[in-house]
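The next block holds one structure in the form of structure tokens; read it before the comments.
So you know, we letter chains A, B, ... as the sequences are listed, proteins then strands, and number each from 1.
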2 protein chains.
Amino acid sequence: MTADERGPLDVLIRRLKRASRLDETEAEALLSLPAIVRDVGSGYMIGRSGERPGQCCLLADGFIRRDQTTSDGKRQILSFYVPGDIPDLQTIHLKTLDHDVVTVTEARLVFLPHEPLVALCRAHPLIGEALWRETLIDAAVTRAWITTIGRTSARARVAHLLCELATRLDVVGLAEERRFRMPLTQHEIGDALGLSIVSVNRILQDLRGHKVISLSKRVLAIHDWDKLQRIGQFDPLYLHLHGAPPASGMPEGS
Amino acid sequence: MTADERGPLDVLIRRLKRASRLDETEAEALLSLPAIVRDVGSGYMIGRSGERPGQCCLLADGFIRRDQTTSDGKRQILSFYVPGDIPDLQTIHLKTLDHDVVTVTEARLVFLPHEPLVALCRAHPLIGEALWRETLIDAAVTRAWITTIGRTSARARVAHLLCELATRLDVVGLAEERRFRMPLTQHEIGDALGLSIVSVNRILQDLRGHKVISLSKRVLAIHDWDKLQRIGQFDPLYLHLHGAPPASGMPEGS
DNA sequence: CGAAACTTTGAAAAGGATCAAACTTTGTGG
DNA sequence: CCACAAAGTTTGATCCTTTTCAAAGTTTCG
């Protein structure tokens, strides 16, 4: 039975159990949430800066990014999301979006209206706390991103992003042996890391040249995980995956 | 009656009311929280990366910063906090600190143990939601910081930080006419913005030379607010101050 | 098959970093 | 209250990482 064949809310329950304790009561309650499933293409605008959405969007399949645009038109990507994530969970209590939410690839979205979600949190404090915790993990990832952009070289930034992607994809079973379909263009990598597309390209060349990774036809394989981790100063602590058993046998630390 | 003469928890109540609706019931409940007040000097380590604190720290007076250190020893400051803020509120549900929490100046701290705080959130959903919202605003500020560091020039970054500081200080009544005691060293400004201290210094010189600001003896005065805002591409939307009436008559947008 | 999106490469320019050293302010103890 | 040390600021000169510009390949997809 694949994720698609189970109810769309199973994804959510499994996800919340990753970092929080949920009993049968809460799982049952979650399953009673109204949810609207929708498949969309890449580049689909889920929400725009300034809007006040009435629901959250659980990503069941595909990739999403969040963008901010500077007043002189430059784009900064704030974060990427993989299946199981809820990119705009903060709108549950921070009504106005301060960034765009856009699909990076084709995606299956599960919309969860705010009102029953809030009611559920009030009735089941454990669910409220689990969702709160998810927004806190999102913030922790964002903080790590600041340090990467502010204080590491272009090479380290790219390496760090690749490590993060591989790790997060592995957790949801989308990376076998640190090998996965790369959802991002070099343009997007640059906009995420504050780099020009030319720089990104040269760094990827370089990493390939040193046999650390290979990347062709949109498939990325990490050959020398330790080295990539060292280059990117990657320590998965900030992802707060603790309780989560890796889907495949990826070693934890070094 | 000054803030110090009222109970330390009044600061918290007024703060939460800024973005959330709280009735008398909730205010009463908040006042019943156990709170330990403590005065400390500058450079005091409130929490260290990797620690699991048992309480949150409400800043009653002074300034706090949060730092991350890269594995090659560079420091990135993630955010600054002004009176009324709770820099480590996330530890209520994300137990392990992924950064240091340090006082920038002498400070008065109010420690709030996690346990009664969590109990209060369960008993009064509105309080839980208000605190959740505070962590979401903190995350929104962090996101804006990413865009500033990733996609704007050194000059714009410094201007943006000054605008943000002036705005946040004004809200808590610590900036008269966009004039305030500057709590940060140029070293700290640099570490916050991913710049070298030399760069920061030259940019401050330049802003002074253009009569946009003046800064001497640790007192910063913003003479040309519109220009500084334009240079820093500053739009206070991301601070989510909406409901808050400014303490002095600072105009909103331009 | 062709257009659009994406990647690659080369060359030149620029924005900040780094290094080094002097100057100023702040805080402390005598 | 002064002297001194430590912390913080300022300035000049040089270097280097990354950007920008330009143009040619390569995929992808309708």
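We find that CG of L193(B) is positioned 16 Å from C1' of dG15(C), with the value rounded to whole Å. Taking atom NZ on K217(A) and atom C1' on dA5(C), their separation rounds to 17 Å, with Å as the unit. If you take CD1 of I213(A) and P of dT7(C), they are 12 Å apart, rounded to a whole angstrom. One can place CG of D72(A) at 11 Å from P of dT20(D), the figure rounded to the nearest angstrom. Taking atom CD1 of I203(A) as the reference point, atom C1' of dT8(C) lies 14 Å away to the nearest angstrom. Atoms CE (M182(A)) and P (dT28(D)) sit 14 Å apart, rounded to a whole Å. Rounded to whole Å, atom C1' of dG15(C) lies 11 Å from atom NZ of K74(A). Rounded to a whole Å, the CZ atom of R151(B) is 8 Å from the P atom of dT20(D).
More than 12 non-hydrogen atoms from other residues, nucleotides or ligands lie less than 6.0 angstrom from CZ of R208(A).
In this structure the side chain of L161(A) reaches within 4.5 angstrom of the side chain of F80(A), judged on heavy atoms. Side-chain contact between V172(A) and D85(A) is absent, with no heavy-atom pair separated by less than 4.5 Å. Contact check for I213(A) versus L162(A): side-chain heavy atoms found under the 4.5 Å cut-off. Looking at heavy atoms from C-beta onward, R179(A) lies in side-chain contact with V219(A) at the 4.5 angstrom threshold. Using a 4.5 Å cut-off on side-chain heavy atoms (C-beta onward), L195(B) and V158(B) make contact.
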Exercise. Let me have a per-nucleotide readout for nucleotides 8-17 of chain D, 5' to 3', with B, S or -, counting only protein heavy atoms under 4.0 Å.
Key: SBSBBB----
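A side-chain hydrogen bond (donor to acceptor under 3.5 Å, both in side chains) with S79(B) is found for exactly one of E164(B), R66(B), H99(B), namely R66(B).
Contact between the side-chain N/O atoms of S199(A) and the OP1/OP2 oxygens of dT18(D) is not found at any separation under 4.0 Å. When the side-chain nitrogen and oxygen atoms of S196(A) are compared with OP1 and OP2 of dT20(D), none of them lie within a distance under 4.0 Å.
Within the nucleic acid shown, G190(A) has no heavy atom closer than 4.0 Å to any nucleic acid atom. Counting non-hydrogen atoms under 4.0 angstrom, G41(B) reaches nothing in the nucleic acid.
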